[in-house]
Each structure stands twice: as C-alpha cells, then as structure tokens.
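Accompanying notes for the structure given below.
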Amino acid sequence: MSYLVIIAVVVILCYLFKQKKLFANPSKRILISDVQKAKDILNSSSLDSRVKSNQNLGLTFGISNPFTNSDRPYHQDFRKIIVKSIDLNDGGWNRIKNITLKAVNDYSNLDKGGIVEIVPWIQQITLNVVLCGYLGMDVNVDKVINIAPGIINDLWLKSKELNHTKENIEKIMKTKSKLKNLFRSVASEASETPNVIKKISEIARKHFPNVFCSEATNNSLADDLESPLNVLIPAYETMWRVVLYSILEIKVRPSLKKDYDNKELNFKEIDDAVKTFLKKPNHSTLKNDSSILWCIIQETLRLYPPTRHIHRVDEKNNTVTIDVEKIHRDPENWGEDATFFKPKRFFNKMNKAYIPFSYGKLKCVAADKFAPTLAAILISAILDRVDDIILGQKTKESLFLKANLPFENNRRAFDKFEVTLTRKS
C-alpha cells in the first residue's frame with residue numbers, strides 16, 4: 001500500500017510541476033482591503049486566476065472542480081448541474097427541514113445530560129443534512145459523521161499551510177485517501193448514487209475522456225474528478241461555520257454578561273420567526289415573513305466571513321489577497337459599530353461592502369437563495385429544539401474577557417469548547 005501511495009504522490013507532483021501550478025513562487029503578495037478595488041479585481045479575474053490560487057486545496061483534498069480545474073466547458077457544465085440541484089421546491093425544503101430536526105435530536109445528547117463540544121456538534125448536524133438532505137443519501141451516515149469533520153478540518157488547515165516536504169505530502173495523501181474511502185463506503189451502501197454526484201461523474205467523463213480510457217495511467221486524476229468531495233466540501237465547509245457563529249451570537253454571547261442588552265436581538269421576535277419559517281421553510285418565507293432570521297444570517301456572514309481571504313494569481317504570478325474580514329469590519333464601510341453583531345443593519349438594505357461569497361462572474365451560485373435558506377433551516381432547527389446553551393465556568397471566564405469583541409474567527413478558536421444543552425419545553 002505504501003508503495004502505491006508513493007507512486008501516486010510522484011505522478012501528481014510530476015503533473016502539477018508540468019502544469020506549473022504548484023509550488024510556483026509568486027513574485028509578490030498584494031493585500032487588498034479597499035472594497036472597490038476588491039470588487040474590480042474579483043469582477044475581472046479569470047477562472048485560471050482562481051484555480052492557480054487553489055492548487056494546494058486540490059492536492060490536499062483530491063478534488064477537481066471549478067475551484068481547482070481551469071477547463072472552461074467543464075466549469076460551465078459543472079455550474080449548471082449545481083444550479084439545478086439547489087433549485088428546490090417546497091417539498092424539497094420540507095424534506096430537508098425534517099432531516100435537520102431529526103439530526104438536531106440525534107446529535108444533541110439531550111437524553112444524557114446534553115453535554116457536547118459545540119464545534120463537533122454543529123459540524124455533525126450540518127454534515128448529516130448535506131449528505132442526507134442535499135445529496136439525498138438514504139443510508140446510515142454515522143460512521144462518516146463521527147470521523148469526517150475532524151479530518152476535513154485538519155486537511156483544510158494543511159491546504160493553507162502546506163509544507164512541501166515529501167514526508168508531509170505522504171501524510172496528506174494517506175489522510176485524503178482515508179477521507180475519500182469513508183465517503184465511498186457510504187455511497188456504496190446507498191440504494192443509488194445521488195443524482196448530483198452521478199451528473200458530475202458524467203460531465204467529467206465527457207470533458208476528460210482520455211483520463212478514463214483503459215490506457216490511462218493517471219487513475220488518481222480520474223478519482224479526483226469523480227470524488228463526492230467536489231460537491232460536499234463547498235456545500236459543507238461554509239455552512240457549518242455560519243451556523244456556529246449565528247448560534248454563538250444568539251445563545252452564547254447573552255450569557256457572558258448579566259447586563260447584556262442588544263436591542264437588535266429580540267428573542268421573542270426570533271422565536272416567532274423560527275416558528276413561522278419552519279411551517280413553510282423556503283426562501284420567500286425567510287425574506288418576507290421571517291426577516292430577522294435573514295438578517296441574522298447576513299450579519300453572521302459579514303462579521304464572520306467563512307472565507308476570510310479570497311486569493312487570485314495575476315498575469316505576473318503575483319498573489320492578490322482580498323481581505324474580506326477587514327472589509328466587512330471596516331468602520332468606514334459599516335459605521336462605528338462595525339465590530340458589533342447588529343443584524344438589523346440588513347433590514348431592507350444591503351451594503352456595497354459585502355462580499356462573503358466573492359463577487360462578479362465567479363460568485364458562488366448558492367449565495368443568493370440556497371445557502372441562506374439552508375442556513376436558516378439549520379439555525380431554526382437548533383433554536384426550535386434547544387433552549388439554553390450553558391457554559392462551564394472556565395469557558396465563560398475566558399470568553400468574558402472578549403465579551404465586547406467579535407468571537408475569534410478561525411478553525412481552532414473553539415476546540416474542546418464544551419457546553420451543556422437544555423431541551424426546549
């Protein structure tokens with residue numbers, strides 16, 4: 001097995017060196033925190049410029065999708081498939097709602113004291129909903145749910161901090177293989193392959209026939225093109241972080257100070273919005289009848305953008321970095337209360353300095369409807385089933401020091417953050 005891993009590493013490295021897309025030393029790094037410059041860059045940037053900046057991501061996760069593959073016809077077909085898969089009717093959204101409510105019950109440990117680590121708890125619920133709700137897997141996914149989030153988190157960090165030694169790359173290859181095998185195992189038990197995964201496989205074979213022919217030598221590339229992770233990683237990664245920070249602001253921050261008073265968070269208003277939304281969970285209800293939920297999601301994406309930095313590689317091989325978090329917290333863009341969680345700033349208006357899903361022709365296709373609606377279902381299901389999130393004294397003391405500041409926005413910020421959940425009566 002180790003011999004095969006080494007061969008796979010050598011094949012991938014040779015391919016990427018040949019394409020001059022990996023380990024290229026940029027001429028310089030350019031940091032952009034002006035919103036108009038950022039929009040101009042994003043609006044004019046090409047698919048190639050995005051793909052070049054994401055090669056570590058492709059290598060680390062073994063994915064070949066429009067974030068890591070610059071083939072334009074493939075990108076167009078891939079995009080069409082995703083757009084169709086996220087265009088859900090009321091029945092589709094109701095199905096996802098029911099799956100989400102069950103997932104909250106299953107993973108909240110409420111019958112055994114409700115003690116959970118908050119990050120794995122939200123990751124497990126979110127991954128369950130993506131697998132069973134969005135992808136439609138009709139099997140028990142617990143063996144993936146209990147292991148995959150931690151692996152994905154570790155690989156994501158490695159993709160940002162890639163150490164190019166042979167030893168480290170071999171470790172990444174083994175971890176990536178373990179992750180892929182987990183999802184293959186679950187997919188093989190399903191009664192049929194999820195439709196969106198099937199369609200992605202079909203266009204991969206259409207656009208890259210030489211990779212799949214019997215004489216092909218680079219089987220790892222074929223595996224990357226057909227990997228479920230091509231769809232799962234984008235769907236899951238942003239979502240769990242939006243849900244986490246929304247719940248932290250709604251349920252955790254109020255417990256940090258006895259004199260907590262955020263006039264923007266009327267808890268009865270939120271409770272009523274949750275009940276209304278869960279009766280008919282769709283984008284129209286979210287925006288028109290449960291607008292405080294919509295505002296909470298937009299404000300979470302502003303204050304805690306899941307993609308803190310967007311990277312592009314320009315024609316001179318410079319890495320251009322858009323500092324999304326700085327733009328979203330800049331008082332010049334948002335006023336003196338820019339670092340405070342104030343959802344109602346989004347009532348009936350949008351700020352031009354808002355780019356959580358990028359901007360222009362490469363903006364995420366799920367940004368406008370699917371992503372906020374799915375986030376609203378996840379957040380509403382948790383608020384509907386969980387009454388309080390109680391902090392341990394040490395945790396409370398450590399967070400109290402930053403009670404008036406945004407929570408730390410990184411993947412390790414809430415490691416081992418244990419809370420006690422109480423059931424909604």
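Test L391, V386, L383 against K251 for side chain to side chain contact (heavy atoms under 4.5 Å, CB included) and you get one pass: L383.
Taking 4.5 Å as the limit, some side-chain heavy atom of D337 sits within range of a side-chain heavy atom of R345. Looking at L225 and F212, their side chains come closer than 4.5 Å, going by heavy atoms from C-beta outward. You'll find the side chain of V129 stays beyond 4.5 Å of the side chain of I377, heavy atoms only. Here the side chains of L405 and T339 are not in contact, with every heavy-atom distance at 4.5 Å or above. Looking at heavy atoms from C-beta onward, H309 lies out of side-chain contact with E325 at the 4.5 angstrom threshold.
Between the side chain of R95 and the main chain of G133, a donor-acceptor pair closer than 3.5 Å is present.
Aromatic ring centroids of F370 and W93 lie under 6.0 Å apart. A ring-centre distance under 6.0 Å is not found for Y245 and F341.
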Apply salt bridge (charged side-chain N to carboxylate O under 4.0 Å, His left out) to residues D272 and K268 and explain how you reach the verdict. CA-CA 6 Å; D272 289 344; K268 184 181 185 308; 2.9 Å; yes
For V51 and N69, run side chain to side chain contact (heavy atoms under 4.5 Å, CB included): C-alpha distance rounded to whole Å, both residues' side-chain angles, the deciding distance at 0.1 Å, then the answer. CA-CA 6 Å; V51 166; N69 188 316; 5.6 Å; no
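The aromatic rings of F346 and W334 sit tilted, their planes meeting at an angle between 30° and 60°. The aromatic rings of H328 and Y354 lie parallel to each other, their planes meeting at an angle below 30°, with 60° marking the opposite boundary.
When only modelled atom types and interatomic distance are considered, S290 and T276 share no side-chain donor-acceptor pair under 3.5 Å. In this model, a donor atom of one side chain and an acceptor atom of the other lie less than 3.5 Å apart for S85 and Y134. Donor-acceptor pairing under 3.5 Å is lacking for the side chains of D223 and S220. A donor atom on one side chain and an acceptor atom on the other are not found under 3.5 Å apart for Q124 and N128.
Between A338 and L303, the shortest heavy-atom distance links the atoms O-CD1, 3.7 Å.
Rounding to the nearest 0.5 angstrom, the gap separating the OG atom in S255 from the CZ atom in R253 is 10.0 Å.
Heavy-atom neighbours of K180 NZ from other residues, nucleotides or ligands within 6.0 Å: above the threshold of 12.
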